[in-house]
Protein chains: 2
Amino acid sequence: MKLTPLSQSLVLHFGEMGSRWGLNRTLGQMYAVIVLTEAPLNADQISEALQISRSNVSMGLKELKSWNLIKLQHIPGDRKEYFTAPEDVWEIAKTLLVERRKRELDPTLTSLRDALVQEPSSSEDVYAQQRIREMHDLMEMISSWSGELENMSSGKLATLLTLGSGLSKILEAKDRLLNK
Amino acid sequence: MKLTPLSQSLVLHFGEMGSRWGLNRTLGQMYAVIVLTEAPLNADQISEALQISRSNVSMGLKELKSWNLIKLQHIPGDRKEYFTAPEDVWEIAKTLLVERRKRELDPTLTSLRDALVQEPSSSEDVYAQQRIREMHDLMEMISSWSGELENMSSGKLATLLTLGSGLSKILEAKDRLLNK
DNA sequence: CTGAATTTTCAGTAATTTCTGAAAATTATA
DNA sequence: TATAATTTTCAGAAATTACTGAAAATTCAG
């Protein structure tokens, strides 16, 4: 499989961004190819398109599966496994939100809780625990809020995101809206 | 400067999470020390607390400055530079949001726009551009919405995050109100 | 079952990133 | 403005992460 120049350049860009997105270069490139190609792809095709080894593709696919970013398909009469990305980009965004929360927030929440139940051994510890408390409360809020978004339909999410500067106004009107 | 066991264990955790947060281990550890310590710290103190070289601290501080995560202070009668973290964790969160948007979204938005103005050279390109359009619109929405959050006061942000499941209800109420 | 097709694993290697010490640059006091 | 204190830079070393090819494991048609 050969990529068109258009896809090629985006694939390279996704590769460069991969590491910033918590993946890595190959994973970024692999996902770009899968997203930008209409037909389901098998490992050999990905390997050829990106010029990387078959085993590297295997490891990458494993990782993309663990992120729930790809869907496995079978093509009648072919024993190979084929992969596609969800059709709805909102689904993809939600999945990324879920997974990043799991990886970037949840472990720290646990760690912060552990620190909060320790007995402070000095005045430094008392101060540290204050800050830990603040961080914990903030992260917990973000985490539960993110859980909220994860359970919204794509349509509702779109509504929310389109609000733009209307958001502030709605917050002001919140009490009225909820008849409080 | 020696860390208490309480701080020590959180510093290690922040180090482990550092790379997942788009920083790296040392940067995560450095920031933990600065956040958890009440007094402003100088480079030598950080170097000693984390057992890393002075030059490494210098590079780390440079990076933390570029993220706008630390504030420089001077202590009368001392030529060294001292650093603290913002007192308000909400400020820190907002800064992280701003910077991650800049690093993780903006470059890709540019790249997607470039791809959209290209002339498609085949039917594959036509499909790819559809998906690129979807990604672009989604990312643009997220980006502008994130800009919205960045300009909110901490108080308003807290209100928004505390809404929890109320969020859906408010969106519904809004639609009713506007007779949609 | 058998064995060919396919996928996965993994030890070793390659590439990348991070860290250090020494030297250069900057800062500010006397 | 000379010099001592401090910070920054950077080439090479160390550590980490990613990649490969070969072998092992799995899958499935006959």
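Being a predicted model, the structure only gives us computed values, none of them experimental. Chain A is the first sequence line, chain B the second, and so forth, proteins listed ahead of strands; every chain is numbered from 1.
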Closest non-hydrogen atom pair, A/Pro40 against A/Gln45: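 That would be O-OE1, 3.9 Å.
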Atom pairs under 3.5 Å, N or O on each side, protein against nucleotides 9-11 of chain D: can you list them with distances?
unit_1 : atom_1 : unit_2  : atom_2 : d
D/dT9  : OP2    : B/Lys62 : NZ     : 3.1

Salt-bridge criterion met for B/Glu150 and B/Lys102 (N-O under 4.0 Å):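 No, B/Glu150 and B/Lys102 are not salt-bridged.
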Can you list the residues that meet the salt bridge (charged side-chain N to carboxylate O under 4.0 Å, His left out) rule with B/Glu87, with sequence neighbours excluded?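 Here the qualifying residues are B/Lys71.
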Between residues 26-52 of chain A and DNA chain D, which residues have a heavy-atom gap below 4.0 Å?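 When residues 26-52 of chain A is checked for heavy atoms under 4.0 Å from DNA chain D, the hits, listed by number, are A/Thr26, A/Ile52.
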Roughly how far, to the nearest 0.5 Å, is the OG1 atom of B/Thr110 from the NE2 atom of B/His136?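 Spacing of NE2 (B/His136) from OG1 (B/Thr110) equals 8.5 Å.
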Could you list the donor-acceptor pairs under 3.5 angstrom formed between side-chain atoms of residues 26-38 of chain A and any protein atom two or more places apart in sequence or on another chain?
unit_1  : atom_1 : unit_2  : atom_2 : d
A/Tyr31 : OH     : A/Leu69 : O      : 2.7
A/Thr37 : OG1    : A/Val33 : O      : 2.7

Atom CD1 of B/Ile70 and atom P of D/dT7: how far apart are they, to the nearest Å?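 Value for this atom pair: 12 Å.
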A/Glu91: which residues meet the salt bridge (charged side-chain N to carboxylate O under 4.0 Å, His left out) condition with it, sequence neighbours left out?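 Checked A/Glu91 against salt bridge (charged side-chain N to carboxylate O under 4.0 Å, His left out); matches are A/Lys94.
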Could you tell me which residues satisfy side chain to side chain donor-acceptor pair (under 3.5 Å) with A/Glu140, sequence neighbours excluded, listed by chain and number?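 Checked A/Glu140 against side chain to side chain donor-acceptor pair (under 3.5 Å); matches are A/Arg113.
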Can you pull out every salt bridge (Lys or Arg N to Asp or Glu O under 4.0 Å) where at least one residue sits in residues 41-70 of chain A? Sequence neighbours excluded, please.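 As it turns out, the salt bridge (Lys or Arg N to Asp or Glu O under 4.0 Å) pairs with a partner in residues 41-70 of chain A, which skip direct neighbours, are A/Asp44-A/Lys80.
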Can you name the nearest heavy-atom pair linking B/Ser146 to B/Arg101, along with the distance?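 Looking at all heavy atoms of both residues, the closest pair is OG-CD, 3.1 Å.
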Any idea which heavy atoms bring B/Ala43 and B/Leu61 closest together, and the distance?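 Shortest heavy-atom separation between B/Ala43 and B/Leu61 comes out as CB-CD1, 4.1 Å.
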Let me confirm one number: the CG-CG distance from B/Leu72 to B/Leu64, rounded to the nearest 0.5 Å.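 The CG atom of B/Leu72 sits 12.5 Å away from the CG atom of B/Leu64.
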In this structure, how many angstroms lie between the P atom of C/dT7 and the NZ atom of A/Lys80, rounded?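 So the two atoms are 7 Å apart, to the nearest Å.
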N/O to N/O distances under 3.5 Å, protein versus nucleotides 12-15 of chain D:
none

Protein-nucleotide distance (A/Leu23, atom CG; D/dT17, atom P), rounded to Å: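 For the pair A/Leu23 CG and D/dT17 P, the rounded distance is 15 Å.
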Within this structure, what is the CE-CG distance for the pair B/Met135 and A/Leu10, rounded to the nearest 0.5 Å?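 Between atom CE of B/Met135 and atom CG of A/Leu10 there are 6.5 Å.
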Nearest nucleotide by nearest heavy atom, which residue falls closer to the 5' end of DNA chain D, B/Leu61 or A/Arg54?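 Nearest-nucleotide comparison on DNA chain D picks B/Leu61.
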On DNA chain C, check which nucleotide each of A/Ser19 and A/Glu81 is closest to and give me the residue with the more 5' one.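 So the residue in question is A/Glu81.
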For a quick test of your reading: what N or O donor-acceptor pairs under 3.5 Å do the side chains of residues 114-121 of chain A make, sequence neighbours left out?
unit_1   : atom_1 : unit_2   : atom_2 : d
A/Ser121 : OG     : A/Asp125 : OD2    : 2.8

Looking only at non-hydrogen atoms, find the nearest pair between A/Asp106 and A/Ser143 and report the distance.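 Residues A/Asp106 and A/Ser143, closest heavy atoms: OD1-OG, 3.8 Å.
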To the nearest 0.5 Å, how far apart are OH in B/Tyr82 and CD1 in B/Ile70?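 Atom-to-atom, B/Tyr82:OH and B/Ile70:CD1 are 14.5 Å apart.
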Below the 4.0 Å mark, does C/dT7 have OP1 or OP2 next to a side-chain nitrogen or oxygen of A/Lys65?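 No, no such contact exists.
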What pairs with A/Ser53 under side chain to side chain donor-acceptor pair (under 3.5 Å), at least two apart in sequence or on another chain?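 In terms of side chain to side chain donor-acceptor pair (under 3.5 Å), with neighbours along the sequence ignored, A/Ser53 is linked to A/Ser55.
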When the C1' atoms of the five terminal pairs at each end define the local axes, what inter-axis angle does the helix from C/dC1-D/dG30 to C/dA30-D/dT1 show, to 10 degrees?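 The two end axes of the helix from C/dC1-D/dG30 to C/dA30-D/dT1 meet at 30°.
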Polar atom pairs (N or O), protein with nucleotides 24-30 of chain D, under 3.5 Å:
unit_1 : atom_1 : unit_2  : atom_2 : d
D/dT27 : O2     : A/Arg79 : NH2    : 2.5

